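Worksheet for the structure shown next.
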Amino acid sequence: MNGIKKIFAKLKSVKNIEIYAAVVLALVVLVVVLFSNFSAKSVNENSNGQSYMEDLEHKIVNVVQKINGVGKVVVAITHDDAAESVFAYDEDGNSIIYVKGQPVIVKTLPPKILGVVVVAEGANDPIVRMKIQEAVVTLLDIDMSKVQVFTHKS
């Protein structure tokens with residue numbers, strides 16, 4: 001009790017303590033607001049796995065079209081429908097942490113890729129076909145058996 005009185009006595013002697021207190025309070029509020037918006041934004045943005053897969057498809061098209069011997073490219077990715085959320089847990093790892101009634105999401109894992117089909121001009125050449133398949137396997141970190149490459153019709 002005596003220690004607390006000493007702390008308050010020291011605080012009273014600090015000039016412009018109201019300003020310091022206001023700055024600290026503002027920082028705390030800012031952190032809470034940013035954190036709650038971040039977790040809510042993550043849930044909303046990542047809940048749509050289709051948008052994520054469309055972005056991957058565009059990325060693959062852009063990369064594969066740059067391979068020597070490849071012309072027009074079309075990519076389709078099949079995936080399961082479930083994105084997986086990784087929640088924050090308390091120190092003991094027993095309970096999920098909630099903020100404003102919502103679980104705190106540490107990260108959202110994208111839906112699992114089931115297969116990829118690439119249709120590309122130039123894929124009739126076995127070497128070009130192999131390069132396309134290797135590029136997709138590398139970009140998506142999936143097994144080669146999940147990637148099928150076909151020749152684009154003229």
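What you see is a predicted model; the values in this text were computed from it and never measured. These values consider heavy atoms only, across backbone and side chains, with no hydrogens, waters or symmetry-generated copies. The first residue of the sequence shown is numbered 1, and numbering continues consecutively from there.
Side-chain atoms of Asp80 come within 3.5 Å of backbone N or O of Lys112 as a donor-acceptor pair. Listed for the Thr78 side chain is a donor-acceptor partner under 3.5 Å among the backbone atoms of Gly115.
In this structure, CG in Asp125 is found 9.5 Å from CE in Met130, a value given to the nearest 0.5 Å. Note that CG of Asn94 and CG of Asp92 are 5.0 Å apart. Values are rounded to the nearest 0.5 Å.
No chain of hydrophobic side-chain contacts below 4.5 Å, direct or via other Ile, Leu, Val, Met, Phe, Trp or Tyr residues, connects Ile132 to Val119. Residues Val149 and Ile113 share a single hydrophobic cluster, defined by chaining ILVMFWY side chains whose heavy atoms lie under 4.5 Å apart. Cluster annotation: Met144 is connected to Val128 through the hydrophobic network of ILVMFWY side chains, with a link wherever side-chain heavy atoms come within less than 4.5 Å. Val70 and Val137 fall within a single hydrophobic cluster, where Ile, Leu, Val, Met, Phe, Trp and Tyr are joined by side-chain heavy atoms under 4.5 Å apart, directly or via other members.
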### Task
Step by step, work out the side-chain contact (heavy atoms from CB on, under 4.5 Å) result for Lys107 and Leu109.
CA-CA 6 Å; Lys107 64 181 174 178; Leu109 303 175; 4.0 Å; yes
### Task
Give the C-alpha distance, both sets of side-chain angles, the deciding distance and a yes or no for side-chain contact (heavy atoms from CB on, under 4.5 Å) between His152 and Val74.
CA-CA 8 Å; His152 195 285; Val74 177; 4.3 Å; yes
### Task
Start with the C-alpha gap between Val117 and Phe150, add the side-chain angles, then the distance that decides, and say whether side-chain contact (heavy atoms from CB on, under 4.5 Å) holds.
CA-CA 8 Å; Val117 173; Phe150 300 97; 3.8 Å; yes
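The two atoms that bring Ile96 and Pro103 nearest to each other are CG2-CB, 3.9 Å, heavy atoms only. For the pair Pro111 and His79, the tightest heavy-atom approach, listed with the atom from each and the gap, is CB-ND1, 3.8 Å.
For Val75, the side-chain contact (heavy atoms from CB on, under 4.5 Å) partners at least two apart in sequence or on another chain are Glu57, Ile60, Val61, Val73, Ile77, Val116, Val118. Asp143 is linked by a side-chain hydrogen bond (donor to acceptor under 3.5 Å, both in side chains) to Ser145, counting only residues two or more places apart in sequence or in another chain. Not counting sequence neighbours, the partners of Lys59 by the side-chain contact (heavy atoms from CB on, under 4.5 Å) test are Leu139.
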